[in-house]
Asker: 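Just dropping this structure here.
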Amino acid sequence: MKEQLEKIYENATSDLTKASCINDLDEIRSKYLSRKGEFNEIKKNLKNLSDEDKRIVGSLANEITQKLEQALKTKHEEFYKKELDAKLAKERLDVTLPGKYIPRGKVHPITSTTNEIVASLQSLGFSVVPDAQSPEVETDYYNFDALNVPKDHPARDVQDTFYTTIAQNIVLRSQTSGAQIHAMENAKPPIRVISPGRVYRNENINARKNNFFHQIEGLYVDKDITFGDLKGVLNEFIRIYFGSSRPTRFRSSFFPFTEPSAEVDVQCIMCEGKGCRTCSGTGWLEVLGCGMVDPNVLENVGIDPDVYTGFAFGMGVERLAMLKYAIDDIRLFFNNDVRFLKQF
Ligand code: DAH
């Protein structure tokens, strides 16, 4: 039995020298040291020996299994370290390598400018009406008639407005002002809303004009609304949008749907009023149209102009973006040249 034990130990040691990985060690352990392993088989036969032999063989068996355990442990540590080193070497990360360039899309400057204008006006108490309430394809009633635009007004001309083939009275809206009518048809005063959107005009395209562009319409109808309220709101809007208060002037103008009407100029941001190319030497830049809602318009939507008054305004998004970022050609917004778009 003693020889048997020594023989097994010899075999185990020889297996151990041939082992090359942790898996091999696991096999050796199961072959020799598990419950069904070779040593255990021998230990099972101990009961047939005399007490004296039991003691001798038993203690030898223990000694040998302990030695084998120890050898396995040492090998295990060695292999573990080797396998770990190999794994680390293979998965090495070179933190000095330059990163991969992943191109990312950005918000278009017209969208971001719209968002900025909308946020400024929201902070002044205006809420945005749902897009669906004021569509881009409109009847001429909303685009013109309800807004007090006479039948023979030149803006209705096909040279200015795109008519569709859907029906004679269906146009691509030429202004967002129709949103005023929708808003007043959909709610009772007090109404304090804005409506951003795209508009279309049959223009010859140049640096200042495109055949579609974007506007933001505003409307405030309530009791006792005055021109002073209009001035206060627009001056505050300009301060928020341009980041500092700058001189403005309200220049008398005419729009069929407001009476009185005005256009608002801000002092040129490029030359601070001295006169430069951007402001054509005038020192002023026109930013929007506005006025007190014409009583005829209120009547068209069934609001009593003797009880309610209101103001309205409409601004061009491209124009406001061009002024803020000193862009001199509206076409840049629509050519989709990434070199331009990347700058925002
Ligand atoms: N709709 C006008 C335009 O496209 C702009 C405008 C002027 C809107 C005065 C208004 C307003 O609401 O009151 O030129």
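In each ligand, atom 1 is the first atom listed, and ligand 1 is the first ligand listed.
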Asker: Is the number of heavy atoms from other residues, nucleotides or ligands under 6.0 Å of Asp224 CG greater than 12?
Answerer: no
Asker: Could an N or O of ligand 1 be found under 3.5 Å from any N or O of Ala312, whether backbone or side chain?
Answerer: yes
Asker: What protein heavy atom sits nearest atom 14 (O) of ligand 1, and how far away is it?
Answerer: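 Ranked first by proximity to atom 14 (O) of ligand 1 is Arg201 NH2, 3.9 Å.
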Asker: Within a distance under 4.0 Å of any heavy atom of Phe255, pick out the atoms of ligand 1 and give their elements.
Answerer: 7 (C), 9 (C)
Asker: Between atom OH of Tyr80 and atom NZ of Lys73, what is the distance when rounded to the nearest 0.5 Å?
Answerer: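 Separation between the atoms: 14.5 Å.
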Asker: Please determine whether any non-hydrogen atom of Gln215 lies less than 4.0 Å from an atom of ligand 1.
Answerer: yes
Asker: Hey, are Lys54 and Asp51 close enough for a salt bridge, meaning a charged N less than 4.0 Å from a carboxylate O?
Answerer: yes
Asker: Counting each atom of ligand 1 from 1 as listed, which ones have a heavy atom of Gln180 under 4.0 Å away?
Answerer: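 By the 4.0 Å cutoff, the relevant atoms are 12 (O).
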Asker: Ligand 1 versus Ser177, non-hydrogen atoms closer than 4.0 Å: side chain, backbone, both, neither?
Answerer: side chain
Asker: Rounded to the nearest 0.5 Å, how far does CD of Glu286 lie from CZ of Arg251?
Answerer: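 If I round to the nearest 0.5 Å, the distance is 5.5 Å.
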Asker: Has Gln159 got more than 12 heavy atoms of other residues, nucleotides or ligands less than 6.0 Å from its CD?
Answerer: no
Asker: At a 4.0 Å threshold, what atoms of ligand 1 neighbour a non-hydrogen atom of Thr258?
Answerer: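 Listed by number with element: 13 (O).
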Asker: Do other residues, nucleotides or ligands put more than 12 heavy atoms under 6.0 Å from Asp131 CG?
Answerer: no
Asker: Looking only at protein heavy atoms, which one is nearest to atom 2 (C) of ligand 1, and how far off is it?
Answerer: Gln175 OE1, 3.7 Å
Asker: On a heavy-atom basis, I'd like to know which of Gly218, Cys290, Gly178 is closest to atom 9 (C) of ligand 1.
Answerer: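 Checking each option, the heavy atom nearest atom 9 (C) of ligand 1 is found in Cys290.
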Asker: Do the two ring centres, one from Phe212 and one from Phe334, sit under 6.0 Å apart?
Answerer: yes
Asker: At less than 4.0 angstrom from any non-hydrogen atom of Glu217, what atoms of ligand 1 do you find?
Answerer: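 Atoms satisfying the 4.0 Å criterion: 8 (C), 10 (C), 12 (O).
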Asker: How does Met292 reach ligand 1, if at all, at less than 4.0 Å between non-hydrogen atoms: by side chain, backbone, both, or neither?
Answerer: neither
Asker: Of the protein's non-hydrogen atoms, which lies at the shortest distance from atom 11 (C) of ligand 1, and what is that distance?
Answerer: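 Checked against all protein heavy atoms, atom 11 (C) of ligand 1 sits closest to Phe257 CE1, 3.5 Å.
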Asker: Do Glu217 and Ser195 meet the criterion of a side-chain donor-acceptor pair at a distance under 3.5 Å?
Answerer: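 Per modelled atom types, Glu217 and Ser195 side chains form no pair under 3.5 Å.
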Asker: Quick check on contacts: which atoms of ligand 1 are under 4.0 angstrom from a heavy atom of Gly291?
Answerer: 13 (O)
Asker: Tell me the closest heavy-atom pair linking Lys31 and Asp15, and the distance in Å.
Answerer: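 Nearest heavy atoms, Lys31 then Asp15: NZ-OD2, 3.1 Å.
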Asker: Check for me whether Met315 has a heavy atom closer than 4.0 Å to any atom of ligand 1.
Answerer: no
Asker: Under 3.5 Å between any N/O of Phe313 and any N/O of ligand 1: does that happen in this structure?
Answerer: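 Yes; the residue has a nitrogen or oxygen that sits under 3.5 Å from a nitrogen or oxygen of the ligand.
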Asker: Which part of Phe311 is near ligand 1, with near meaning a heavy atom under 4.0 Å away: side chain, backbone, both or neither?
Answerer: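 Phe311 to ligand 1: no contact under 4.0 Å from either part.
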Asker: Just checking, Lys106 and Phe344: is the charged tip under 6.0 Å from the six-membered ring centre and within 45° of the axis?
Answerer: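 Judged by the rule (NZ or CZ under 6.0 Å from the ring centre, within 45° of its axis), Lys106 is not positioned above Phe344.
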